[in-house]
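Below: the structure, in structure tokens.
Each chain gets a letter, A, B and so on, in the order its sequence line appears, and its residues count up from 1. Here the structure is a predicted model, which means the values were calculated and not measured.
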Number of protein chains: 2
Amino acid sequence: MSAEDNLLKLVEAEEVDDHDYLLQEQVGFILRKAHQRHVSIFAARIADLTPPQFAALAKLRDVGETSQNQLGTLIAMDAATVKGVIDRLKARGLVELSRHEVDKRRLLVNLTPEGRDAIERLIPLAREITQETLAPLSAKEIATFMKLLAKLA
Amino acid sequence: MSAEDNLLKLVEAEEVDDHDYLLQEQVGFILRKAHQRHVSIFAARIADLTPPQFAALAKLRDVGETSQNQLGTLIAMDAATVKGVIDRLKARGLVELSRHEVDKRRLLVNLTPEGRDAIERLIPLAREITQETLAPLSAKEIATFMKLLAKLA
DNA sequence: GGAAATTCATTCGTATGCAAATGATATCAA
DNA sequence: TTGATATCATTTGCATACGAATGAATTTCC
């Protein structure tokens with residue numbers, strides 16, 4: 001019985017023998033491995049920045065100055081995580097921080113000129129990373145996969 | 001410039017303006033979000049074990065006693081990561097460790113009776129986690145998605 | 001206006017995840 | 001047989017990732 005058959009059986013009958021539970025067929029396990037592979041491809045092409053750090057710079061390039069919390073929402077990081085990422089980018093001079101004049105709770109984050117240079121320089125590499133990650137799929141499969149993956153995320 | 005113009009340009013010239021780089025459309029970013037969502041669903045159903053810990057127990061159930069390194073290979077964890085996971089499972093009495101009699105480098109890992117009870121009890125919940133993670137997709141979409149995801153992982 | 005609730009940010013603790021260095025053991029090859 | 005290699009495990013350091021608790025500032029609502 002194939003993995004797809006098991007999945008169909010699971011969905012349709014909502015019952016299978018416990019002996020049929022195979023870790024390597026579970027979506028969570030495969031998602032984790034696919035993510036690991038992507039991170040590895042990313043690191044091979046962009047050694048001096050992590051994917052979350054790149055995401056922060058790329059999003060700041062899109063939206064301009066924003067609060068740390070808002071940035072976290074945009075790149076799907078909770079407050080504690082985004083703080084660490086921004087701290088490290090600040091330490092490297094790629095972003096600068098300032099207080100919101102009206103709402104003194106907010107910490108505004110913006111690209112420095114060095115940060116803008118960096119993200120502009122890295123975007124072509126990021127395109128290659130996306131391509132290499134998707135390389136096992138045909139163009140048609142890529143379109144299908146991205147549509148379905150977006151539904152899950 | 002319209003979206004169709006961009007598409008034409010992309011297809012014909014294989015070159016796009018850097019302004020067209022959108023983080024939220026990149027496979028790595030969406031993979032990370034899909035994985036986050038799965039972990040969140042997992043945590044809601046299985047509060048006392050993480051996905052990597054569950055993976056270790058589930059794989060030990062499949063293959064029986066193995067070395068720590070071999071287990072790491074089977075569940076896609078490097079040696080440093082698997083050590084931490086096994087240490088925590090050992091501290092909770094779910095696995096037991098012993099030295100390989102012949103090859104004294106190897107650290108054998110096995111389920112304790114408590115560990116076996118735990119994984120048997122959790123597998124039905126794990127099925128529900130898989131179902132809930134895939135719930136946004138139809139049965140046919142699930143089959144397609146799993147096939148393509150496996151190619152990427 | 002003022003108390004309650006909300007929002008923004010920080011800190012702490014725990015758990016992956018991986019690169020690199022190290023030590024112990026085992027295997028290979030001259 | 002022994003010296004070079006390879007394998008297994010551990011440790012350290014760094015970087016996410018998130019729950020929970022805390023404090024400061026703002027907004028809501030009576």
Between the side chain of A:Arg99 and the main-chain N/O of A:Leu108, is any donor-acceptor distance below 3.5 Å? no
Is a side-chain N or O of A:Thr66 found less than 3.5 angstrom from the main chain of A:Gly64, in a donor-acceptor match?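 Yes, A:Thr66 side chain to A:Gly64 backbone: donor-acceptor pair under 3.5 Å.
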N/O to N/O distances under 3.5 Å, protein versus nucleotides 25-27 of chain D:
residue, atom, partner, partner atom, Å
D:dT26, OP1, A:Val102, O, 2.8
D:dT26, OP1, A:Lys104, N, 3.1

In residues 38-55 of chain A, which residues come under 4.0 Å of DNA chain C by heavy atom? none
Which residues, if any, of residues 77-94 of chain B bring a heavy atom under 4.0 Å of DNA chain C? B:Asp78, B:Ala80, B:Thr81, B:Val85, B:Arg88
Sequence neighbours excluded, which residues qualify as side-chain contact (heavy atoms from CB on, under 4.5 Å) partners of [X]?
X        : answer
B:Ala150 : none
B:Ile86  : B:Ala56, B:Gln68, B:Leu71, B:Val82, B:Leu89, B:Val95, B:Leu97, B:Val109
B:Leu122 : B:Ile46, B:Leu49, B:Phe54, B:Leu125
B:Arg106 : B:Ser67, B:His100, B:Asp103

Sequence neighbours excluded - ring-ring contact (aromatic ring centres under 6.0 Å, His included) pairs with any residue from residues 106-149 of chain B: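 Residue pairs passing ring-ring contact (aromatic ring centres under 6.0 Å, His included), neighbours aside: A:Phe145-B:Phe145.
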Check whether A:Leu74 and B:Ile30 end up in the same hydrophobic cluster, where Ile, Leu, Val, Met, Phe, Trp and Tyr are linked by side-chain heavy atoms less than 4.5 Å apart. no
Terminal contacting nucleotides, 5' and 3', DNA chain C versus chain A (heavy atom, 4.0 Å):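 Nucleotide range in contact with chain A: C:dT7 to C:dC18.
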So which pairs with a foot in residues 73-87 of chain B pass side-chain hydrogen bond (donor to acceptor under 3.5 Å, both in side chains), sequence neighbours left out?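 Matches after skipping sequence neighbours: B:Asp78-B:Thr81, B:Lys83-B:Asp87.
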Scan residues 28-42 of chain A for pairs that pass side-chain hydrogen bond (donor to acceptor under 3.5 Å, both in side chains), counting only residues two or more places apart or in two chains. A:His38-A:Thr133
Taking NZ from B:Lys33 and P from D:dC18, how many angstroms apart are they, rounded to a whole number? 12 Å
Residues that B:Glu25 engages under side chain to side chain donor-acceptor pair (under 3.5 Å), provided they are two or more places apart: none
Steps toward salt bridge (Lys or Arg N to Asp or Glu O under 4.0 Å) verdict (A:Arg92, A:Glu114): CA-CA 9 Å; A:Arg92 294 175 52 177; A:Glu114 294 75 21; over 6 Å; no
Can you see if the side chain of B:Gln70 gets near the phosphate of D:dT7 - specifically, an N or O under 4.0 Å from OP1 or OP2? no
As an exercise, state the distance from CD of A:Gln24 to CD1 of B:Ile75, rounded to the nearest 0.5 Å.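 These two atoms lie 12.0 Å from each other.
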